[in-house]
Amino acid sequence: MESLKPVRGTQDVLPQESRIYRKVEETAYKVAQRYGFDEIDIPIFEFSEVFSRTLGDSSDIVTKEMYTFVDKGGDTITLRPEGTAGVARAFISNGLQQSLPLKLFYKGPMFRYERPQKGRRRQFRQVGVEVLGVSSYQADVEIISLASNFLKELNLENDITLELNTLGDNDSRQLYKVRLLDYLDKYKNELSKDSLNRLRKNPLRILDSKDPRDRSIVDNAPKIIDSLNHDSKQFFENLCDGLEKLNISFKHSTNLVRGLDYYCHTAFEFTSTNLGAQGTVLAGGRYDGLINQMGGPNTPGIGWAAGIERLALLTKMENKKIRPIAVIPTNQENYIDALVIAEKLRKNGFNIELGYNGSAKKRMKKANENNCIAAILLGKEEIKNNIVILKDMDSGAQQEISQLKLEKHLDMYKII
RNA sequence: GCGGAUGUAGCUCAACUGGUUAGAGCACCGGCUUGUGAUGCCGGGGGUUGGGGGUUCAAGUCCCCUCAUUCGCCCCA
């Protein structure tokens, strides 16, 4: 039946995978905390203008990728396609310019109406950070360092490379655009169809075109770096210096760009070659013009976002379930006594598996499947004598233990 | 939105050029004397072959449509 399938591009994350997602998210939060970031939790939908105004009406996200609907009150609502716009809106709504600089962490689902592929869903998860109110390169170094350490904690440092570029400030970029368009004008007839389109909409994008026809043209195109004014050049050099001092290796990719006008200076991507066409795993940049453009006070910002699904695909890390202790009544009549013991142990911090039915044999088998570290067996003999049988599931050794001393004996299993 | 590939049990796959009640391994459930797990042996459930339509005496096998997955493009995490 059609309706029993998940909607295209959505997925059920079953426990085994869910544990890995959780691990990735927790790792991101943990590392962000070390840098003094605090979590902000913003709505997963906003008035559509929040996104259409910030992302630009001509961007693909706005024109074809937004999940937009009219709610019962007649408002046009959009499921968030990314996090930055919502954070910026929250910054303005809550008058947070009082508390600058702000270092914010967020996580949660995002929505884009796209063609699903490996590592690309219509509902997907991101973690991200934003620094608001810092116009110096120091924030750029900081969040890239944060990103780098986050990926390191996931054991991905060998699978991922950092690509870095600068877009310069507004003046530099305007100058560059003119130079680039001048240059491309000569090759109008040789550019791919897509790039001809980009020529009007988003000329910088032509720089990272994958079409081989464009490649050779682009290779000889003027470079942004040559159009930078003094301040912009200085900014980029400071950033590079900072990263080198921190031993964060990067590749200066002169063709890495961001299309929208409020982006400036730093643009970076952490990419992997193991994800097919969706190689970008974490990406960010500086957006000094964004908050102002939204109608807020002129406030610089920089941030990045990472795709949880993509990271989870790459990480070989398993987030193993902790090994529980099974409490097993050898007879169904002893269930209540087992329940009482289980409850007591749970209150004291142990992870207890207590099955619902089955013979002792069945329950032992289940305990084995659950990877239990120990089993506590309880029958009428034991109840009578106030003891239990404690069995180590790895060695198979078992001993009788007084119920009073049980927890002391279990302490060796408590550490996970 | 555009182009290519794929779609058989929960999973991985089988079924000669279209031909009788669609098979196997793993997984699942039950049993091998009733208070104890990992092997082993025996047995069992589970598929309208993604869905719909067509060709044919006959379709999992051919054709069309649709849905989904997958690999690219666009774009992006």
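It should be emphasised that the depicted structure is a prediction, and the values quoted were computed from it without experimental measurement.
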Can you tell me if the side-chain N/O atoms of Lys361(A) get under 4.0 Å from OP1 or OP2 in G37(B)? yes
Look through every strand shown and name the nucleotide pairing with C16(B) as Watson-Crick or G-U wobble, where both distances are under 3.5 Å. none
Spacing of the C1' atoms in C11(B) and U69(B) (rounded, Å): 16 Å
G7(B): pairing nucleotide in any strand, Watson-Crick or G-U under 3.5 angstrom: C67(B)
Nearest-Å distance for atom pair CZ/C1', residues Arg8(A) and C67(B): 9 Å
Check whether Thr27(A) reaches the backbone of Lys23(A) with its side chain - one donor and one acceptor, N or O, closer than 3.5 Å. yes
Please work out if Gly128(A) contacts a base, only the sugar-phosphate, or nothing of the nucleic acid, heavy-atom cut-off 4.0 Å. nothing
Between Ser48(A) and Thr78(A), is any side-chain donor less than 3.5 angstrom from a side-chain acceptor? yes
Glu309(A) near the nucleic acid: base, sugar-phosphate alone, or nothing, with a heavy-atom cut-off under 4.0 Å? nothing
In whole angstroms, how far is the P atom of U36(B) from the CG atom of Leu390(A)? 18 Å
Under 3.5 Å for both donor-acceptor distances, Watson-Crick or wobble: does C62(B) have a partner, and if so which one? G54(B)
Using a 4.0 Å heavy-atom cut-off, does Gly9(A) contact any base of the nucleic acid, only the sugar-phosphate backbone, or nothing at all? sugar-phosphate
Using Watson-Crick geometry (N1-N3 plus N6-O4 or O6-N4) or G-U wobble (N1-O2, O6-N3), each under 3.5 Å, U49(B) is paired with none
From C71(B), C75(B), G37(B), pick the nucleotide closest to the side chain of Glu65(A)? C75(B)
When the C1' atoms of G52(B) and U39(B) are compared, how many Å lie between them, rounded to an integer? 49 Å
Starting at the 5' end of RNA chain B and moving along, which residue's nearest nucleotide shows up first, Cys372(A) or Tyr113(A)? Tyr113(A)
C1' spacing across the pair U48(B) / G44(B), given as an integer number of angstrom: 23 Å
Looking at Gly168(A), is its backbone amide N or carbonyl O close enough to the side chain of Thr166(A) to form a donor-acceptor pair, meaning the two atoms are under 3.5 Å apart? yes
Could you please name the partner base of G1(B), counting Watson-Crick and G-U wobble pairs only when both distances are under 3.5 Å? C73(B)
C67(B) P sits how many Å from Arg115(A) CZ, rounded? 10 Å
Where each residue is assigned the nucleotide of RNA chain B containing its nearest heavy atom, which of Glu369(A) and Asp392(A) is assigned the position nearer the 5′ end? Glu369(A)
Quick check: any donor-acceptor pair below 3.5 Å linking the side-chain of Gln398(A) to the base of U36(B)? yes
Donor/acceptor link under 3.5 angstrom from Lys391(A) side chain onto base of U36(B): yes
Looking at the side chain of Arg120(A), which of U36(B), C71(B), A77(B) is the nearest nucleotide? A77(B)
Taking atom types as they are modelled, would you say the side chain of Arg205(A) forms a donor-acceptor pair with the base of C74(B) within the 3.5 Å cutoff? no
Between Gln123(A) and Thr10(A), do the side chains contain an N or O donor and an N or O acceptor separated by less than 3.5 Å? no
At under 4.0 Å between heavy atoms, what does Ala305(A) touch on the DNA or RNA strands: base, sugar-phosphate, or nothing? sugar-phosphate
Could you give the CG-to-P distance, from Leu282(A) to A77(B), as a whole number of Å? 10 Å
If I pick the P atom on U8(B) and the same atom on G51(B), what distance separates them, to the nearest angstrom? 10 Å
Residue Thr280(A), side-chain atoms from C-beta onward, closest of C29(B), A77(B), G35(B): A77(B)
Can you find a side-chain donor-acceptor pair between Tyr35(A) and Ser145(A) that sits under 3.5 Å? yes
Are a donor atom and an acceptor atom from the side chains of Ser227(A) and Ser172(A) found within less than 3.5 Å of each other? no
Pairwise P distance, A27(B) and G40(B) [rounded to whole Å]: 9 Å
So Glu269(A), base contact, sugar-phosphate only, or nothing? Heavy-atom distance under 4.0 Å. nothing
What is the distance, rounded to the nearest whole Å, between atom CD of Glu163(A) and atom P of A77(B)? 14 Å
Can a side chain N or O of Lys118(A) be found less than 4.0 Å away from OP1 or OP2 on C71(B)? yes
Under a 3.5 Å cut-off for both distances, is C41(B) Watson-Crick or wobble paired, and to whom? G31(B)
Categorize Leu311(A) for me: base, sugar-phosphate, or nothing, with a 4.0 angstrom heavy-atom threshold over every strand shown. nothing
Counting heavy atoms from C-beta on, name the nucleotide in G35(B), G72(B), A77(B) closest to the side chain of Glu381(A). G35(B)
Just checking Arg125(A): base, sugar-phosphate only, or nothing, at a heavy-atom cut-off of under 4.0 Å? nothing
Is a salt bridge present between Arg89(A) and Glu46(A), judged by a nitrogen-to-oxygen distance below 4.0 Å? yes
Say you pick atom C1' in C28(B) and the same atom in G60(B); how far apart are they, in whole Å? 25 Å
Assess whether atom CZ of Phe45(A) is packed by more than 12 heavy atoms of other residues, nucleotides or ligands within 6.0 Å. no
Describe the nucleic acid contact of Met393(A) in one word from base, sugar-phosphate, nothing, applying a heavy-atom distance below 4.0 Å. base
d(NZ, Lys365(A); C1', G31(B)) in whole Å: 10 Å
Nearest to the side chain of Leu377(A) - U69(B), C28(B), U36(B)? U36(B)
Please classify the nucleic acid contact of Arg363(A) as base, sugar-phosphate, or nothing, using heavy-atom distances under 4.0 Å. nothing
Note, Arg125(A) side chain near Glu309(A) side chain (heavy atom, < 4.5 Å): yes
Nearest-Å distance, NZ (Lys362(A)) to P (G35(B))? 13 Å
Touch check for Glu382(A), heavy atoms < 4.0 angstrom, all strands: base, sugar-phosphate only, or nothing? base
Nearest-Å distance once atom C1' is located in both U17(B) and A58(B): 16 Å
Whole angstrom value for the distance that separates C1' of U34(B) from NZ of Lys380(A): 12 Å
Roughly how far apart, to the nearest Å, are G50(B) and U21(B) at atom C1'? 23 Å
